[in-house]
Amino acid sequence: MADEPLDAAAAAEEETPATAASSSPVLLLRPRRVAFEHGLLPIPKLVFPEGTLTQTLAQTKERLLAAAGGGDGDAAPRVGAEALAEALQIPRELAALVLGTLAAVLPGEEEEEDADFRDVLLFLYIQSYKRLVPRAHKDSPAVADVWPSTSAFDGYLSALSPIQLVRSNSRRFMPSQADEEAHQLSYLQKHMVNILSLLADSVDGEGDESMVLTADTFEHLGFLLQFSEGTPLSQVATFFANSDPDMPAAPVPAAQVHDWILQNIAASLENTAEKLTAKENSQQSASDPDVTMAEAVTNSRIQSSSPTATAVPNNQGHYRNTTFLEGFSKTSVVKQASDIKGHSIKVLNCHDSVIYILAPVKYATVYGCSDTTIVLGAVGKVVKVEHCERVQIIAASKRICIANCRECIFYLGVNHQPLIVGDNHKLQVAPFNTYYPQLGEHLAQVGVDSNINKWDQPFVLGVVDPHDSLSHPAGVSDVQAESATCLDPDLFTNFLIPSWFEAQGPTKYNPFTLPEVYWASQRKKHVSLEDIQKNIRELELDDTRKKELASALHAQFKDWLYASGNIRQLYCLQGE
């Protein structure tokens, strides 16, 4: 069962009688979720009114081409930070953030400082996307008391803490993965004609024949869409096929591409609707109309933090190319590379636990967690931490985005400035503070450079996210988000990861250089501890006083373990 995707049953339903005989499932068009999950920036100047969106972006296209100075020969123009800042009339640092975020969500592995102008246009277009709001209850009056209004005159939402906000909308009513995908597809269905008009080239002709797409431009739509199992668009589309590999495929009318994409989107939405209807009519109608974690129990390495080693339910599952860890409470969980399916990991709604992700991934999301320590070993693209309270995040990543969190500490090894957005309170940042045997290999595998660490250089944007109608009521004016402070060096401690499963690897120490002020604090603590031990040995105490001292030290240490939240890690270490 460990290799079975969370949507395995759904995949089976995607087969038609004609395809079932040949055991070849129908390829369904999917949105590239990472573009919508990690590619939306709360920058007002990037969010254009829907009524003028196409016209504004057409003008932006002309400015981008003028600022970029045209391409190199037949190559499409590439846009750098200076050109983008000029075209959008935004500061250069914001333009660099836009290009960095775009690079992190593009399908390719390599990240560059500039970008193809067509990818920039697509990125700017989807800034108009609005995230899916929670589903309405069938009996709305019955849940009115727990369903907060989003009126501009209702300050209820903004008064909630991140966890209260998440819990005020029960998991039952929150959008499922299938809901979100359908919402993204519907958005692309509605806007595809405008998107293609931005990408198309004008040629001599009349009507629909005057706008054409080249095969190269068509490939760039892969930023937003792909077929199931990650199949690129070009492998399924037939209108660019050419029997002579030495001859480039001729451009095709944009209208033909539009019709083909809409047909495939309609088929995917119909397939999703049929599955949801079947679930609602089944015995599982009371559950979330998506495949839940409980429906796909997989082999999970869980170490209970309870001294009595009580059984822990398995809350791991897979959906598409993402591994989920959801709903863990009062336990410790460790995941290694062999436990991760796909290139993304999501840790959702975990409480009072320690989660170890000791594996290389591209994307990581931590959402709705509290009183939990989460170790993210090596993340090659982006970490996003959202709606969390009193969590400690230990992450080695190229980028991290922190949104709507409270009283959290982030121990970071990051190659780019931490991005802080939304309604945050009492955040602290500190340098990366741990290692495990394979960490160096994992960092190299995903392209994280341990010689660069910008943990103490947060980039702060606004409180209001224009893409999200849940966190803040409409009409609330935006202000700069609260930034993070650096952790007091005297409070900094190294985090010890237990040596489970006799893991082997060359990494013997923290690969990120610790700043001198933190090194000095660590040395001071080490010397102080040695002095205390020496002084205790020199005390001339009888057996009774020795027992009293030992008891007092034990009690104080126990109080500290509980107060600091380190008691659960101690249980992990005891279980080695």
Notebook entry, point to check: Just wondering, more than 12 heavy atoms not from Glu113 lying within 6.0 Å of its CD?
Noted result: no

Next item on the list: Show your reasoning for whether side chain to side chain contact (heavy atoms under 4.5 Å, CB included) applies to Leu225 and Asn264.
Entry: CA-CA 11 Å; Leu225 291 162; Asn264 281 280; over 6 Å; no

Notebook entry, point to check: Taking the side chain from Glu219 and the backbone from Thr214, do they hold a donor-acceptor pair closer than 3.5 Å?
Noted result: no

Notebook entry, point to check: With Lys190, which residues qualify under side chain to side chain donor-acceptor pair (under 3.5 Å), at least two apart?
Noted result: Glu50

Item checked: Exercise: identify the closest heavy-atom pair between Ala76 and Arg118 -> CB-NH2, 3.2 Å

Notebook entry, point to check: So which heavy atom on Met211 is nearest to which on Ala200, and how close?
Noted result: CE-CB, 3.6 Å

Next item on the list: Please report the shortest heavy-atom distance between Cys405 and Asn424, naming the atom on each side.
Entry: N-OD1, 2.8 Å

Next item on the list: With sequence neighbours left out, write down each residue that passes ring-ring contact (aromatic ring centres under 6.0 Å, His included) with Tyr125, or none if nothing qualifies.
Entry: His191

Notebook entry, point to check: Would Leu199 and Leu122 count as a side chain to side chain contact (heavy atoms under 4.5 Å, CB included) if you check the C-alpha gap in whole Å, the side-chain angles of each, and the deciding distance to 0.1 Å?
Noted result: CA-CA 9 Å; Leu199 299 182; Leu122 292 174; 4.0 Å; yes

Item checked: Distance flag, aromatic centroids of His220 and Phe117, threshold under 6.0 Å -> no

Note to self: Under a 3.5 Å threshold, yes or no: a donor from one side chain and an acceptor from the other, between Tyr363 and Thr322?
What the structure shows: no

Next item on the list: Mind jotting down which residue pairs meet the salt bridge (Lys or Arg N to Asp or Glu O under 4.0 Å) criterion with at least one end in residues 85-101? Sequence neighbours excluded, please.
Entry: Glu82-Arg92

Next item on the list: Quick one: closest heavy-atom pair of Asp456 and Cys486, and the distance?
Entry: CB-SG, 4.0 Å

Note to self: I'd like to know if the side chain of Arg406 and the backbone of His425 have a donor-acceptor N/O pair within less than 3.5 Å.
What the structure shows: no

Checklist line | Pairing residues for Lys45 by the salt bridge (charged side-chain N to carboxylate O under 4.0 Å, His left out) criterion, not counting sequence neighbours | finding: none

Check: Is it true that a side-chain atom of Lys61 and a backbone atom of Leu198 form a donor plus acceptor pair closer than 3.5 Å?
Finding: yes

Next item on the list: Only counting residues at least two apart or in another chain, list the ones meeting salt bridge (charged side-chain N to carboxylate O under 4.0 Å, His left out) with Glu482.
Entry: none

Next item on the list: Kindly indicate, with the supporting measurements, whether the criterion side chain to side chain contact (heavy atoms under 4.5 Å, CB included) is fulfilled by Gln256 and Leu213.
Entry: CA-CA 9 Å; Gln256 181 181 349; Leu213 257 69; over 6 Å; no

Check: side chain to side chain donor-acceptor pair (under 3.5 Å) with Lys346: which residues, sequence neighbours excluded?
Finding: Glu37

Next item on the list: Decide side chain to side chain contact (heavy atoms under 4.5 Å, CB included) for Cys388 and Val366; before the verdict, give the C-alpha distance in whole Å, the side-chain angles of both, and the deciding distance to 0.1 Å.
Entry: CA-CA 8 Å; Cys388 291; Val366 179; 3.8 Å; yes

Next item on the list: Please say which of Arg131, Lys130, Arg33 ends up in a salt bridge (Lys or Arg N to Asp or Glu O under 4.0 Å) with Glu180.
Entry: Arg33

Next item on the list: Run through Ile400, Leu427, Val347, Asn404 and flag the one making a side-chain contact (heavy atoms from CB on, under 4.5 Å) with Val385.
Entry: Ile400

Note to self: Test your reading of the model: is there a side-chain donor-acceptor pair from Gln417 to the backbone of Gln457, 3.5 Å cut-off?
What the structure shows: yes

Notebook entry, point to check: Is the backbone N or O of Ala87 less than 3.5 Å from a side-chain atom of Arg63, with the two atoms forming a donor-acceptor pair by type?
Noted result: yes

